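Beneath this line is the structure, given in structure tokens, with notes to follow.
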Amino acid sequence: MKDLVPALQDAIRNAVRGLLADAPGDAALDPDSLDVPVQRVPLDKPGDYGSPVAFVLAKRLRRNPAELARAIAERLALPEGVDRVEVVGPYLNVFVDPGAFVRAVLRAPLQLPPNGRKVVIEHTSVNPNKEAHVGHLRNIVLGDALARIERAAGYEVEVQNYIDDTGRQAGETLFALDYYGASYPGTPKYDHWLGELYVRLGQAKEDDAEAIEAGVRTVMHRLERGELRSEVERIVRAQLETCFALGAEYDLLVWESDVVAAGFLQRGLEVLERLPSVTRPESGKYAGALVMDVSEFLPGLEESQVVLVRSDGNAMYVAKDIGYHLWKVGRLEGLRYAPFTQQPSGAMLWSSAPDGEASVPGRTFAHGDQAVNVIDARQSHPQTIVRTALQMTGGGKDEDSLHHLAYEVVTLEGQAMSGRKGVTLAIDTVIEEAVRRARAVVLEKQPDLESADEVARAVGVGALRFAMLKSEAKRVIDFRWEQALSLAGDSAPYVQYAHARACSILRAAAEAGIEAPAGADTPDADWRLLGPLEVAVARELARLPTVIAQAAQTDSPHVVAQYALDLATAWNAYYNHRDASGRPDTSVLRAEPGRREARAALVAGVRDALAQALVLLGIEAPERM
RNA sequence: GCGCCCGUAGCUCAGUCGGAUAGAGCGUUCGCCUCCGGAGCGAAAGGCCACAGGUUCGAAUCCUGUCGGGCGCACCA
């Protein structure tokens with residue numbers, strides 16, 4: 001048995017085929033293209049999986065659905081793992097054979113096979129001018145989780161972090177250093193210290209606007225020529241410390257100044273200028289500018305002309321972005337690369353670099369079949385324009401080669417954050433508080449735990465990440481301490497605890513000589529001794545591959561987070577289950593030989609699936625906590 | 001004004017390519033350590049799934065409209 005649900009769908013399709021052959025009712029009805037819904041049955045309904053397929057047929061055949069359900073059931077060749085089928089009104093309900101089902105589920109892999117396609121994910125992309133705040137937190141965590149999920153779904157994944165080193169923000173901060181003649185005193189953390197200067201400069205503009213503006217412009221010109229690269233690098237390194245503390249890592253930093261130097265802007269414009277929709281009006285509103293008409297792809301816009309190059313000759317940001325994306329999908333070449341730093345996992349982080357190598361042995365950057373950008377929902381319009389430009393110029397290998405994972409803002413106790421005004425909450429501050437709270441709980445619950453510091457970090461950071469991931473990206477999050485750092489209920493520690501509990505049981509089992517090797521390969525297990533309680537847990541376990549596929553396909557990490565909660569809940573319910581007389585009836589260690597090995601295998605499956613779900617969310621899974 | 005997103009329990013949210021009696025967490029109330037980890041489990045209470053029409057055997061889910069709320073609509077980035 002590979003996977004029960006598809007097998008069941010095939011079996012039903014076959015039964016329908018037989019039914020139609022015997023009693024043709026609708027010649028146009030093709031069983032092969034018949035969509036056979038199969039779902040888990042609601043609680044308190046008989047069976048494990050059910051199908052309302054009879055409804056679909058009833059309409060086409062003009063026959064009674066209950067009657068059809070009976071007819072299908074009669075012809076159904078039960079796939080492996082299915083014990084029997086019962087007809088409940090118009091529904092077809094399937095009872096699995098517990099032993100065969102659990103065993104098959106435990107043998108299934110925890111991720112999908114490679115699909116030979118590559119996705120380039122861009123996330124983080126924090127302006128290199130001050131410390132990252134809680135709004136960026138959502139971006140980093142979403143992007144990092146998505147990268148892990150896409151990888152598990154079989155994609156080759158490359159994570160890029162775009163460094164806007166020629167922008168106004170970086171310019172202002174670096175100018176502030178000169179303006180105040182400041183030298184770094186060693187504390188606070190470098191990016192935080194710069195953030196203070198940046199905010200101070202913003203206030204000083206009220207009195208000294210002209211001089212500051214002139215100074216900032218000079219610095220920006222130097223940035224464009226790459227003269228201040230090492231100053232910016234210093235900021236980037238400080239910001240990366242925060243990302244690493246969250247568990248996020250990258251493959252490549254892409255510097256805007258390198259993108260421009262590589263000619264992607266110019267070459268991208270050349271590609272665009274060949275399009276009939278890209279013109280240079282000689283008169284009217286856009287005289288002298290290079291504009292693109294997107295009305296064919298984006299109907300209904302009030303203003304269908306998008307300015308690519310201003311009449312003063314300066315390129316708009318979207319034009320740079322289009323060039324950058326043409327490179328991402330392999331339509332342009334020419335960046336050079338150098339190693340930037342070794343990350344906590346040991347993996348090398350590369351960077352684009354003016355004096356780097358044209359190629360890196362064993363690696364090919366960019367050339368994505370598709371690209372996903374993790375960017376604020378407020379950027380939806382410009383993102384749509386980049387995607388449209390990509391489509392108009394032939395795009396990447398995938399039909400829909402640019403996705404925008406748009407996430408909503410994070411407000412602070414109901415207030416909008418503002419980096420410029422200094423109304424922010426730094427990620428570093430939040431991590432510190434999260435770990436502090438977690439440590440207090442760890443010391444209370446497990447005073448003897450040797451790895452208390454490590455566990456406190458895993459739990460605190462995990463809780464924070466989970467809070468950012470558990471609901472849909474398009475939902476506004478109001479950051480509140482108690483909620484974001486909760487260690488109970490729908491939280492990372494709930495899942496981590498369930499995992500640690502499974503580990504604990506398996507440790508005890510191993511001491512008692514009960515082994516639970518991978519793949520449910522236990523000769524001592526007697527699978528026939530399993531029942532509905534084990535099936536309930538296995539039914540959750542069986543969903544994991546589907547969950548990964550769905551999360552990857554819809555760029556939705558929250559699907560994995562919700563799954564982790566569901567699995568932990570099912571496992572906790574199993575663990576605590578009692579029989580009619582109130583006695584625990586799911587013990588592994590106290591079960592008779594044969595049953596205990598099979599149960600141990602199930603617990604090992606739960607442990608592995610919980611660990612995998614947490615890995616996909618970028619959350620550590622301690623064995624004790 | 002036009003466009004996109006949201007509206008589900010007191011609060012925060014799942015469920016939305018149509019399927020059986022709409023589910024969690026927090027909060028409230030009541031139970032559960034002779035038993036592998038109580039950061040847990042069980043139970044109670046709490047819902048015109050914003051509103052009104054429509055499609056359908058069947059709608060929280062699809063369509064239209066209305067009302068609330070958020071965001072976007074620069075020769076800024």
Side-chain angles (χ1 to χ4, degrees), chain A residues 35 37 39 41-45 50-53 55-56 58-59 64-65 88-91 93 127 164 167-169 285-291 298 300-303 305-314 316-318 320-321 376-382 384 406 408-409 411 438 441-442 444-446 459 467 470-472 474-478 480 482-483 486-491 493-494 496-498 500-509 512 554 558-559 561-562 565-566 568-569 572-578 582-591 596 599-600 603 624-625:
Chain A
D35 183 38
Q39 62 211 48
V41 298
L43 294 168
D44 301 336
K45 287 285 180 219
S51 175
V53 68
F55 280 118
V56 183
K59 187 170 188 177
N64 181 297
V88 183
Y91 286 93
N93 283 11
N127 271 318
D164 182 6
R168 168 141 208 123
Q169 327 265 353
K285 189 175 167 187
Y286 295 111
L290 185 71
V291 298
L298 299 172
L301 279 184
E302 196 174 338
E303 178 52 77
Q305 299 288 346
V306 174
V307 175
L308 298 172
V309 180
R310 290 186 257 165
S311 48
D312 66 6
N314 286 315
M316 298 286 287
Y317 184 78
V318 268
K320 282 183 204 168
D321 221 16
D376 196 321
R378 286 173 295 196
Q379 304 267 7
S380 291
H381 186 58
T384 304
E408 273 297 339
V409 291
T411 56
V441 175
V442 171
E444 176 203 329
K445 309 263 182 190
Q446 296 281 327
V459 169
K470 73 175 170 184
S471 44
E472 295 175 284
K474 64 186 174 189
R475 213 165 268 284
V476 175
I477 291 183
D478 187 28
R480 290 187 220 147
E482 330 80 66
Q483 226 167 284
S486 167
L487 305 181
D490 284 352
S491 68
Y494 177 83
Q496 290 170 316
Y497 185 77
R501 170 184 273 160
C503 290
S504 170
I505 290 171
L506 291 165
R507 272 195 306 272
T554 59
H558 83 277
V559 169
Q562 293 294 334
L565 292 173
D566 288 344
T569 299
N572 278 334
Y574 175 78
Y575 169 82
N576 284 290
H577 195 271
R578 282 148 193 269
R583 290 207 181 76
D585 57 356
T586 53
S587 174
V588 173
L589 299 182
R590 295 176 58 192
R596 64 184 189 201
R599 282 183 174 170
V603 174
R624 300 170 203 261
M625 61 185 279

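Since the structure is predicted, the reported quantities are computational estimates derived from the model, not experimental observations. Letters go in sequence order (proteins before strands), and every chain restarts at 1. The figures here come from the full heavy-atom set of this structure, side chains too, leaving out hydrogens, waters and symmetry mates.
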Exercise for review: Check ring-ring contact (aromatic ring centres under 6.0 Å, His included) between A:Tyr286 and all other residues, then give those that pass, not counting sequence neighbours.
Suggested key: none
**Study point:** Partner residues of A:Tyr91 under the ring-ring contact (aromatic ring centres under 6.0 Å, His included) criterion, sequence neighbours left out
**Key:** A:Phe55
Review point. Base, sugar-phosphate, or nothing: which does A:Thr586 touch, judged by heavy atoms less than 4.0 Å apart?
Key: base
Review point. Which part of the nucleic acid does A:Glu482 contact within heavy-atom distance under 4.0 Å: base, sugar-phosphate only, or nothing?
Key: nothing
Practice item. With P as the reference atom in both, quote the distance from B:rC51 to B:rC67 in angstrom, rounded to an integer. Key: 16 Å
Check your understanding: Which whole number of Å gives the distance between the C1' atom of B:rA60 and that of B:rG72?
Key -> 28 Å
Exercise for review: Go through the structure and list residues passing salt bridge (Lys or Arg N to Asp or Glu O under 4.0 Å) with A:Arg475, not counting sequence neighbours.
Suggested key: A:Glu472
Study note, to complete from the structure: Those residues at least two apart in sequence (or on a different chain) that pass salt bridge (Lys or Arg N to Asp or Glu O under 4.0 Å) with A:Asp478 are A:Arg480
Check your understanding: Side-chain N or O of A:Tyr494 less than 4.0 angstrom from OP1 or OP2 on B:rC41?
Key -> yes
Exercise for review: Compare side-chain N and O positions of A:Tyr575 against OP1 and OP2 of B:rG38 and report whether any pair is under 4.0 Å apart.
Suggested key: yes
Please name all residues satisfying side chain to side chain contact (heavy atoms under 4.5 Å, CB included) with [X], sequence neighbours left out, ordered by chain then number.
X: A:Lys285; value: A:Glu303
X: A:Ser504; value: A:Arg507
X: A:Arg378; value: A:Asp376, A:Val409
X: A:Ala500; value: A:Met625

Polar-atom pairs under 3.5 Å, protein N or O versus N or O of nucleotides 71-76 of chain B: list them with distances, or write none.
{"from": "B:rC75", "atom 1": "O2", "to": "A:Ser311", "atom 2": "N", "distance (Å)": "2.6"}
{"from": "B:rC75", "atom 1": "O2", "to": "A:Ser311", "atom 2": "OG", "distance (Å)": "2.7"}
{"from": "B:rC75", "atom 1": "N3", "to": "A:Ser311", "atom 2": "OG", "distance (Å)": "2.8"}
{"from": "B:rC75", "atom 1": "N4", "to": "A:Lys285", "atom 2": "O", "distance (Å)": "2.4"}
{"from": "B:rC76", "atom 1": "OP2", "to": "A:Arg310", "atom 2": "NE", "distance (Å)": "2.4"}
{"from": "B:rC76", "atom 1": "OP2", "to": "A:Arg310", "atom 2": "NH1", "distance (Å)": "3.1"}

Check your understanding: Reading nucleotides 17-33 of chain B from the 5' end, what letters show protein touch, with B for base, S for backbone sugar-phosphate only, - for no heavy atom under 4.0 Å?
Key -> --BBB--BS------S-
Exercise for review: Dot-bracket notation for RNA chain B is requested: 5' to 3', Watson-Crick or G-U wobble pairs only, both distances under 3.5 Å, with ( ), [ ], | and . as defined.
Suggested key: (((((((..((((.....[...)))).(((((.......))))).....(((((..]....))))))))))))....
Point to revise | Residue list, side-chain hydrogen bond (donor to acceptor under 3.5 Å, both in side chains) with A:Thr569, at least two apart or on another chain | key: A:Tyr494
